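What follows is one structure encoded as structure tokens, with my remarks underneath.
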Amino acid sequence: MELTDLTAVQLLDGYRTGEFSPVEATAAALERAARIQPEVNAFVRLLADEALEQARESAGRWRRGEPAGLVDGVPVTVKDILLLRGHPTLRGSRTVAADGAWAEDAPSVARLREQGAVFIGKTTTPEFGWKGVTDSPLTGVTRNPHDPARTAGGSSGGSAAAVAMGAGPLSLGTDGGGSVRIPAAFCGIFGLKPTYGRVPLYPPSAFGTLSHVGPMTRDAADAALLLDVIGRPDARDWSALPAPSGSFVAALGGGVRGLRVAYSPSLGGQVAVRPAVAAAVRRAVAGLAELGAYVEETDPDLADPVDAFHTLWFSGAARVVQHLPPGRRALLDPGLREICEAGARFGALDYLAAVDVRMDLGRRLGRFHETYDLLVTPTLPITAFEAGEEVPRGSGHRRWTGWTPFTYPFNLTQQPAATVPVGTDEAGLPIGMQLTAARHRDALVLRAAHTLYAAGLTRGGS
């Protein structure tokens, strides 16, 4: 097995025993990143010299038996929405100036740096993370590692492609409407949107409390490790949660026996799910039942909240570009310009009406989880479609939310939601299954996902 095929947990075991070093692992990840970049376009920039220096420092600590923290020497990538000290964060936009000190880390990046992570690169995003695929006027199109003619999904598409291709086992993504889970599902990896506030976010997102920072990894065990590092409060985020009471890694055991699982194949017939997707998810759900979960096919009381989501999302987008003069706005992605214009037309009462819808949705899902520990759905009703398109050709959808009905509701409710790869379609494209729990039950989501991995019920393509 090559070093680029190993999880973060496996790399750390190798460092501990001296089987290989952080320098070897980092060099392998950088070589893989450079090799995939021409075809997949996952990176805004690679940081080879800096990463190798960090790896050498880590190797010295491991030789002395003094690792700096939980992820010392592990190669990590960071979506180019999050600040990384010493490097521009351009957010996929030609309107952001690259000059400046760039002297601050985002909270999640700072926690990783404190624990010895090796930063190998910044990954691609659509402009300001506005849509569910990854292409931008600044960096072009990011492609799916399983078929470069297809999209990697978005908006954390570069991170998903990097992890799937072995360019570092850990990545930081952001998720405002599915932006961790969509590309993770399309690329066949694990992605978690934690409870809002579990991972501090600074600078604050213009999309407000829809936006989360989450792990994108090879499996649930790596995600738990990463969340143990980044899920700590930071004074710069006034909405950050207190430190968790225990370790997410320590809570992975215990299985799913006795859990009450609600399986909703199509949200009560609201979503047309491709047969291959439906079949793969149903098989995985049957596996949960075989492992001892009590599974009931039932649907939450969830009328599609897309209009309320659009009001909040488009208003946030309008706020992002509010400062730009007309000449600079011409540099924006045309689709982003459209939703900004729509968002600017909403008034305060429109926004507050959307907040009312959101609060009622949260109430209904809260009551639902008094009966059920987990809600299981497909992550997406489809597999990856043509690269460079916001919506599948011929779908009739106007915006990316048309094909992501399982993801954005849980940004409105702020619940933890993860995607697990559970199979492939006839073209070999990965299929994801979404696991959702009540707010603050991130450990339960990770435990259930880890059980699926341990039982061999996950499969995301070759």
Side-chain angles (χ1 to χ4, degrees), residues 131-134 144 146 150-157 159-161 163-164 173-194 212 214-220 223 261-267 270-285 287-288 299-300 302 304 306 309 374-385 391-392 400-413 415-425 429-437 445-446 448-449 452-453 457-461:
K131 60 183 174 179
V133 294
T134 301
N144 194 297
H146 298 275
R150 310 284 183 133
T151 180
S155 63
S156 306
S159 288
V163 171
T174 64
D175 190 316
S179 289
V180 160
R181 290 159 289 154
I182 295 165
F186 275 178
C187 293
I189 66 165
F190 183 80
L192 171 69
K193 179 189 76 65
H212 305 58
M216 304 183 72
T217 59
R218 294 285 182 77
D219 60 19
V261 176
Y263 167 44
S264 179
S266 61
L267 297 180
Q270 295 183 79
V271 183
V273 179
R274 280 193 54 201
V277 173
V281 173
R282 188 173 289 278
R283 283 193 298 271
V285 169
L288 285 172
D299 303 301
L302 194 158
D304 188 356
V306 68
F309 181 82
L374 291 172
L375 170 63
V376 176
T377 68
T379 306
L380 297 162
I382 59 174
T383 51
F385 53 89
V391 301
W400 62 271
T401 43
W403 53 269
T404 61
F406 294 110
T407 60
Y408 58 78
F410 302 107
N411 292 81
L412 291 166
T413 62
Q415 297 170 239
T419 183
V420 179
V422 292
T424 55
D425 69 5
L429 296 169
I431 293 166
M433 181 175 77
Q434 182 171 249
L435 305 173
T436 307
V445 171
L446 286 165
L452 288 167
Y453 277 96
L457 295 172
T458 58
R459 186 165 61 94

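Keep in mind it's a predicted model, so treat the numbers as computed, not measured.
- Taking CE from Met216 and CZ from Arg181, the interatomic distance works out to 11.0 Å, rounded to the nearest 0.5 Å.
- Taken from CG in Leu457 to CZ in Arg283, the straight-line distance is 11.0 Å, to the nearest 0.5 Å.
- Atom CG of Leu374 is separated from atom OG1 of Thr436 by 8.0 Å, given to the nearest 0.5 angstrom.
- When all heavy atoms are compared, the tightest approach of Ser155 to Thr134 is O-OG1, 3.4 Å.
- Within the 4.5 Å cutoff, the side chain of Leu435 has heavy atoms near those of the Met433 side chain.
- Across Tyr453 and Arg218, no two heavy atoms sit closer than the pair OH-O, 3.5 Å.
- You'll find the side chain of Val133 stays beyond 4.5 Å of the side chain of Trp400, heavy atoms only.
- Interatomic distance, CG of Asp175 versus NE2 of His212, reported as 7.0 Å (0.5 Å rounding).
- Between Ser264 and Leu375, the shortest heavy-atom distance links the atoms CB-CD1, 4.0 Å.
- Ala160 and Ala184 get closest at one heavy-atom pair: CB-N, 4.0 Å.
- Screening Leu267, Ile182, Leu380 against Phe406 for a side chain to side chain contact (heavy atoms under 4.5 Å, CB included) leaves a single residue, Leu267.
- What you find for Val271 and Pro381 is that their closest heavy atoms are CG1-CB, 3.8 Å.
- Here the closest heavy-atom approach between residue Thr407 and residue Asn411 is recorded as O-OD1, 3.4 Å.
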Kindly determine whether Thr383 and Ile431 satisfy side chain to side chain contact (heavy atoms under 4.5 Å, CB included), including the steps that lead there.
-> CA-CA 6 Å; Thr383 51; Ile431 293 166; 3.7 Å; yes
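- The backbone N or O of Phe385 sits nowhere less than 3.5 Å from a side-chain atom of Thr151 that would complete a donor-acceptor pair.
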Full working for side chain to side chain contact (heavy atoms under 4.5 Å, CB included) between Val163 and Phe190 = CA-CA 9 Å; Val163 171; Phe190 183 80; over 6 Å; no
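- Using bins of under 30°, 30° to 60° and over 60° for the plane-to-plane angle, the ring pair Phe186/Trp403 lands in the parallel bin.
- Ser266 places no side-chain N or O within 3.5 Å of a backbone atom of Ala272 that could act as its donor or acceptor partner.
- In this structure, the side chains of His146 and Pro430 come closer than 4.5 Å at one or more pairs of heavy atoms.
- Looking at heavy atoms from C-beta onward, Asp425 lies out of side-chain contact with Val277 at the 4.5 angstrom threshold.
- Residues passing the side-chain contact (heavy atoms from CB on, under 4.5 Å) test with Ala164, sequence neighbours excluded: Pro145, Cys187, Ile189.
- Side-chain contact between Asp304 and Tyr408 is present, with at least one heavy-atom pair separated by less than 4.5 Å.
- Contact of the Leu192 side chain with the Val180 side chain is not registered, since no non-hydrogen atoms from C-beta on lie closer than 4.5 Å.
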